[in-house]
Amino acid sequence: MSEESNPTQRTYEHLILSCIHQSSLVDAQWVHRHLHENGFDQDPFLATKLINMYSSLDLIDDARKVFDKTRKRTIYVYNALVDMYAKFGCVAYASAVFNQMAVKNVVSWSAMIACYAKNGKAFEALKLFREMMLKTEEDVGPNSVTMVSVLQACAALAALEQGKLIHGYILRNGLDTILPVISALVTMYARCGKLEVAQQVFDGMDKRDVVSWNSLISGFGAHGHGKKAIDIFKDMISCGISPSPVSFVSLLGACSHAGLVDEGRALFQAMRKEYGIIPSVEHYASMVDLLGRANKLEEAAKFIDDMRIEPGPKVWGSLLGSSRIHCNVEFAERASTKLFQLEPANAGNYVLLADTYAEAGKWDEVKRVKKLLESRGLQKVPGRSWIEVKRQIHSFVSTDEFNPQIEQLHALLCELSSEMKEKGYVPQIKVVLYDLGEEEKERIVLGHSEKLALAFGLINTSNAEPIRITKNLRLCEDCHSFTKFISKFARKEILVRDVNRFHHFRDGVCSCGDYW
DNA sequence: TTAGGGTTAG
């Protein structure tokens, strides 16, 4: 690049940055046109910037066009495109671009791993990380940024043993002073059920920012320690750290899991009045969840009516979820009517409404909603549970007939069930929302994925070792009751992370206090 | 000169 052209390139860079800043489409198109007319659109530096610009304006196709027209595609142009697809959740496109790259550096690998980790593909993230570790090129060794995404993947899978290996790598490579890395470690340990280790890692930090504190608050919240989460928040304030909007989402979530309605209401008020934070949809959704779970559905609905912003799917989703828990047909209908308009392709909403009808015995309505679901070509997400044994993740679904150990697991569960029935366990067959006979229902609940994972854990872990199970949905009442019995009967400590929170079973009691 | 990262959401 010649010297005199530098200012012009820089001018265009500033113009593009200003379009991003003001998110102005008209200006963006104007700048792009000028750039083209002056022959700057083949400059790879500016092409990268243009991709970023269109990406920030949510214009994927325009960004792609810039890429396609750029003849000199540097290591930077490709990375910008991978990152854009990652941002929009287009994992297949991102990986296609990544695979096309002849030269990949640490940023390329990190961007692709982050893409998988952020878009619910944690297995793929770990797989790609292992591949990256086998590369010998100088510029491909993982760094702190890579570690953060890998830790997120471990957290998503509750892969504690893998996470510990990564922790070791972080210590050996001196990455343990970098704030994002430590915050990700705190979250990883908390989400893998090791709250005490999360606390130790946090205690060992010499410097903490608001995100480090938020990580700890949400960790305690997810484990049901609402009061402790509030205490941590108070400690943070007394250390002179200002709370962020996320601090309050975490706190309200913590109150919700622990049923701390009054504390939650007070925090919501304080957020505005004392800390000047304007509540966003996430805060409203958390409040609706807090009230709804506590069976204050009227108040939750009124809270929505009084909102100063448009409620949106998260808020209505919270109301629907609570209505399902408390089997309230009226509010479930109200929320789902809105949700079917706002997010017609979300199968979960149809399932929640159908389940509410089923529990209320309204079988004609159940049929109607299931038909609606089918007519829209949607499918219910199957329940899945998994468990890590010797660094291997074993995954279970209730209908898994290909699992080589399935016969053994079923036999063990039948044996345990009949023995526990003598000690007072009563199968909660009402959770089976089909018009079936009692025996059939009992057979179905005994085949739930969480119980298969539990049986697998009983066979494959030592006596002293706790069992850690992760589940993609909310824990059902029968699995909850069954696991409580097992924890006493088999004298086993069992940790289950469901989609919302942790259940810590010990000696026949669960840490959630049967409120979840 | 450019690119990748931490906390929340049910």
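Only heavy atoms go into these numbers, but all of them, side chains included; no hydrogens, no water, no symmetry mates. In what follows, every chain begins at residue 1, and chains take the letters A, B, ... in the order their sequences are listed.
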Would you kindly give the [atom1]-to-[atom2] distance between [X] and [N], to the nearest whole Å?
X        : N      : atom1 : atom2 : value
A/Gln152 : B/dA9  : CD    : P     : 14 Å
A/Arg191 : B/dG10 : CZ    : C1'   : 12 Å
A/Met287 : B/dT8  : CE    : C1'   : 16 Å
A/Leu50  : B/dT1  : CG    : C1'   : 15 Å
A/Phe98  : B/dA3  : CZ    : P     : 19 Å
A/Leu252 : B/dT7  : CG    : P     : 19 Å
A/Trp109 : B/dA3  : CH2   : C1'   : 16 Å
A/Leu267 : B/dT8  : CG    : C1'   : 15 Å

Q.
What's the separation between atom CG in A/Leu251 and atom CZ in A/Phe220, rounded to the nearest 0.5 Å?
A.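 So the CG of A/Leu251 and the CZ of A/Phe220 are separated by 13.0 Å.
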Q) How long is the gap from NZ on A/Lys121 to SG on A/Cys115, to the nearest 0.5 Å? A)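 One finds 9.5 Å between NZ of A/Lys121 and SG of A/Cys115.
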Q: Please work out if A/Ser212 contacts a base, only the sugar-phosphate, or nothing of the nucleic acid, heavy-atom cut-off 4.0 Å.
A: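 If one applies the 4.0 Å heavy-atom cut-off, A/Ser212 turns out to touch a base.
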Q. Heavy atoms under 4.0 Å, any strand shown: does A/Lys314 hit a base, just sugar-phosphate, or nothing?
A.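 If one applies the 4.0 Å heavy-atom cut-off, A/Lys314 turns out to touch a base.
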Nearest-neighbour nucleotide for the [X] side chain, [options] considered:
X        : options              : answer
A/Glu282 : B/dA9, B/dT2, B/dT7  : B/dA9
A/Ala184 : B/dG6, B/dT2, B/dG4  : B/dG6
A/Ser215 : B/dA3, B/dT1, B/dT7  : B/dT7
A/Asn52  : B/dA3, B/dT1, B/dG5  : B/dA3
A/Val249 : B/dG5, B/dA9, B/dG6  : B/dA9
A/Arg293 : B/dT8, B/dG6, B/dG10 : B/dG10
A/Val106 : B/dG6, B/dG4, B/dT2  : B/dG4
A/Ser286 : B/dG10, B/dT7, B/dG4 : B/dG10
A/Thr48  : B/dG6, B/dA9, B/dA3  : B/dA3
A/Ser244 : B/dG6, B/dA3, B/dT7  : B/dT7

Q: Using atom types as modelled and distance alone, determine if a side-chain donor or acceptor of A/His257 lies under 3.5 Å from a backbone N or O of A/His223.
A: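 No; judged by distance alone, with no hydrogens or angles, the pair does not exist.
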Q.
Can a donor-acceptor pair be found, under 3.5 Å and without considering hydrogens, that links the side chain of A/Arg384 to the backbone of A/Leu473?
A.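 Flag not set: sc A/Arg384 to bb A/Leu473 has no pair under 3.5 Å.
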Is there a donor N/O on one and an acceptor N/O on the other, under 3.5 Å, for the side chain of [X] and the base of [N]?
X        : N      : answer
A/Asn143 : B/dG4  : yes
A/Asn105 : B/dA3  : yes
A/Asp209 : B/dG6  : yes
A/Ser318 : B/dG10 : no

**Q.** Row check, A/Phe67 ring normal vs A/Arg73 NZ/CZ: under 6.0 Å, within 45°
**A.**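 Output yes; distance and angle both within limits.
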Would you say a side-chain N or O of [X] is under 4.0 Å from OP1 or OP2 of [N]?
X        : N     : answer
A/Lys118 : B/dG6 : yes
A/Gln9   : B/dT1 : no
A/Ser218 : B/dT8 : yes

Q: Flag as yes if A/Tyr76 stacks onto the base of B/dT2 (centroids under 5.5 Å, planes under 30°), otherwise no.
A: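 A stacking contact exists, since A/Tyr76 sits close and nearly parallel to the base ring of B/dT2.
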Q) Between A/Lys194 and A/Glu196, is there a salt bridge with N-O shorter than 4.0 Å? A)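 Counted as a salt bridge, because a side-chain N and a carboxylate O are separated by less than 4.0 Å.
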Q: Using a cut-off of 6.0 Å, state whether more than 12 heavy atoms not belonging to A/Lys104 lie near its atom NZ.
A: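 Yes, the 6.0 Å shell around NZ holds more than 12 heavy atoms from other groups.
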